[in-house]
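Please read these numbers as outputs of a predicted model, since none were measured by experiment. Letters A, B, ... are given to chains in the order of the sequence lines, protein chains preceding strands, and every chain is numbered from 1.
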Protein chains: 2
Amino acid sequence: MGITKSQIFTESQNDLAHFFKVLGHPARVAILQHISVQNACICNDLVEEIGLAQATISQHLKELKSIGLLDGEVEGKSMCYCINMDRWNTIQEQLNLFFNTTKSNCC
Amino acid sequence: MGITKSQIFTESQNDLAHFFKVLGHPARVAILQHISVQNACICNDLVEEIGLAQATISQHLKELKSIGLLDGEVEGKSMCYCINMDRWNTIQEQLNLFFNTTKSNCC
DNA sequence: TTTTTATATTGCAATATTACGATAATAAAT
DNA sequence: ATTTATTATCGTAATATTGCAATATAAAAA
């Protein structure tokens, strides 16, 4: 086993869980915070500030890109990673919708 | 390796990532929705409605309990799982705080 | 052109997660 | 007391994730 049975869930449940999952790693939380708060959008700056190997950071960046949260722009020989604010806001809304519609309780 | 390097992140980053991670599985999203929307708070009802093995659902319930999102109450020979609304709201606020304070962008 | 610098990709080892059958534990029903 | 029903835990197999070294790629600098 070991494989998530996506077929038995709705697309919306799978999508929502996927957003949560991508955000569910401290390195990816840290990357987003560094980019936004410290303006460290250059890939190599993130490697130095966070303290994981370059290959590892690159992998985490790829996952954040996979849900559209980050846009990468070539800047000379570096890469500048920026938060896609439209996507950011959309995902925040989706998460809030989940929290707000799941409020009623049985007991 | 395969082990997350929690030591290099702040407690707040680890906590936040952990909340996201627990919510990052469609079965756990489904469980929360079933409990709240369909009032199916009895463990066995969840097993039947969701369609995963009883042992698997029990494991997912345990993870939701681990971040305080679910309270379990014995009800005869069954268990009634309810959402802890205080915790629910607190976590929603934390996630929104993250989204709101990570808004500013560099490029 | 060669070297340097920055990032992505590949391959791999260690660990974690998902899922389930089997079994234990507990409480109601007979 | 025995049976039945419900949930938790254990053990295990399959898969996924994390992390890094090594290597490939690409662009600027020398």
Side-chain angles (χ1 to χ4, degrees), chain A residues 1-9 13-14 17-31 34-35 40-67 70-82 107, chain B residues 1-9 13-14 17-31 34-35 40-67 70-82 107:
Chain A
M1 327 274 133
I3 195 169
T4 297
K5 292 189 158 180
S6 314
Q7 334 93 34
I8 67 174
F9 304 106
Q13 286 168 336
N14 283 315
H18 189 234
F19 296 150
F20 279 126
K21 192 176 185 177
V22 170
L23 294 171
H25 192 288
R28 295 192 283 271
V29 167
I31 285 172
H34 274 289
I35 288 181
C41 65
I42 304 298
C43 176
N44 210 246
D45 292 350
L46 292 168
V47 172
E48 287 183 12
E49 288 202 39
I50 293 177
L52 287 170
Q54 181 268 320
T56 308
I57 295 290
S58 195
Q59 207 173 264
H60 284 303
L61 288 167
K62 195 177 176 185
E63 290 189 68
L64 289 166
K65 271 187 286 181
S66 82
I67 57 167
L70 287 186
D71 289 333
E73 242 180 85
V74 179
E75 188 155 309
K77 51 187 164 182
S78 303
M79 280 294 280
C80 176
Y81 281 106
C82 304
C107 317
Chain B
M1 325 277 135
I3 194 168
T4 296
K5 290 190 158 180
S6 315
Q7 333 93 33
I8 67 174
F9 304 107
Q13 287 168 334
N14 283 316
H18 190 234
F19 296 152
F20 279 126
K21 191 174 187 179
V22 170
L23 294 170
H25 191 288
R28 295 192 283 272
V29 167
I31 285 172
H34 275 288
I35 289 180
C41 65
I42 303 298
C43 177
N44 209 246
D45 293 350
L46 292 168
V47 173
E48 287 182 11
E49 287 201 42
I50 294 177
L52 287 169
Q54 182 267 320
T56 307
I57 294 291
S58 196
Q59 208 172 263
H60 284 303
L61 287 168
K62 195 177 173 183
E63 290 190 65
L64 288 166
K65 271 186 287 180
S66 82
I67 56 167
L70 288 186
D71 288 332
E73 241 180 85
V74 179
E75 187 153 310
K77 51 189 165 185
S78 303
M79 280 294 280
C80 176
Y81 281 105
C82 304
C107 317

Measure the distance from [atom1] on [X] to [atom2] on [N] and round it to the nearest whole Å.
| X | N | atom1 | atom2 | value |
| --- | --- | --- | --- | --- |
| B:I3 | C:dT17 | CD1 | P | 10 Å |
| B:L64 | C:dT17 | CG | P | 14 Å |
| B:H60 | C:dT17 | NE2 | P | 12 Å |
| B:K5 | C:dT15 | NZ | P | 13 Å |
| B:E73 | D:dA8 | CD | P | 14 Å |
| A:E63 | D:dA16 | CD | C1' | 10 Å |

Q: Would you check if the side chain of A:S66 reaches a backbone N or O of A:E63 as a donor-acceptor pair within less than 3.5 Å?
A: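 Yes; at least one donor-acceptor contact below 3.5 Å.
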Q. So, B:R28 side chain and B:L64 main chain: donor-acceptor pair closer than 3.5 Å or not?
A.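 Side chain of B:R28 to backbone of B:L64: no pair is present.
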**Q.** Partner of B:H60 by side-chain contact (heavy atoms from CB on, under 4.5 Å), out of B:L46, B:L70, B:I31, B:I50
**A.**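 Passing option: B:I31.
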Q: Please tell me which of A:V74 and A:H25 maps to the more 5' nucleotide of DNA chain D, matching each residue to the nucleotide holding its nearest heavy atom.
A: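 Here A:H25 is the residue nearer the 5' end.
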Q: Look at the aromatic rings of B:F9 and A:H25 and report parallel, tilted or perpendicular, splitting at 30° and 60°.
A: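 The rings of B:F9 and A:H25 stand perpendicular, inter-plane angle above 60°.
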Q) Hey, does A:I57 reach any base, or is it just sugar-phosphate, or nothing, if we go heavy atoms under 4.0 Å? A)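 Result for A:I57 = nothing.
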Q. When we call it a touch if two heavy atoms are under 4.0 Å apart, what does A:E48 touch: a base, just sugar-phosphate, or nothing?
A.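 No contact at all - A:E48 keeps every heavy atom at 4.0 Å or more from the nucleic acid.
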(Q) So if I define the base as every atom that isn't primed, P, OP1 or OP2, how would nucleotides 4-11 of chain C read as a B/S/- string at a heavy-atom cutoff under 4.0 Å? (A) -BSBBB--
Q. Are any non-hydrogen side-chain atoms of A:C41 and A:E73 less than 4.5 angstrom apart?
A.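 No. Closest side-chain heavy atoms not under 4.5 Å.
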Q) Which heavy-atom pair separates B:S78 from B:I42 by the least distance, and what is that distance? A)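 It is CB-CG2, 3.8 Å.
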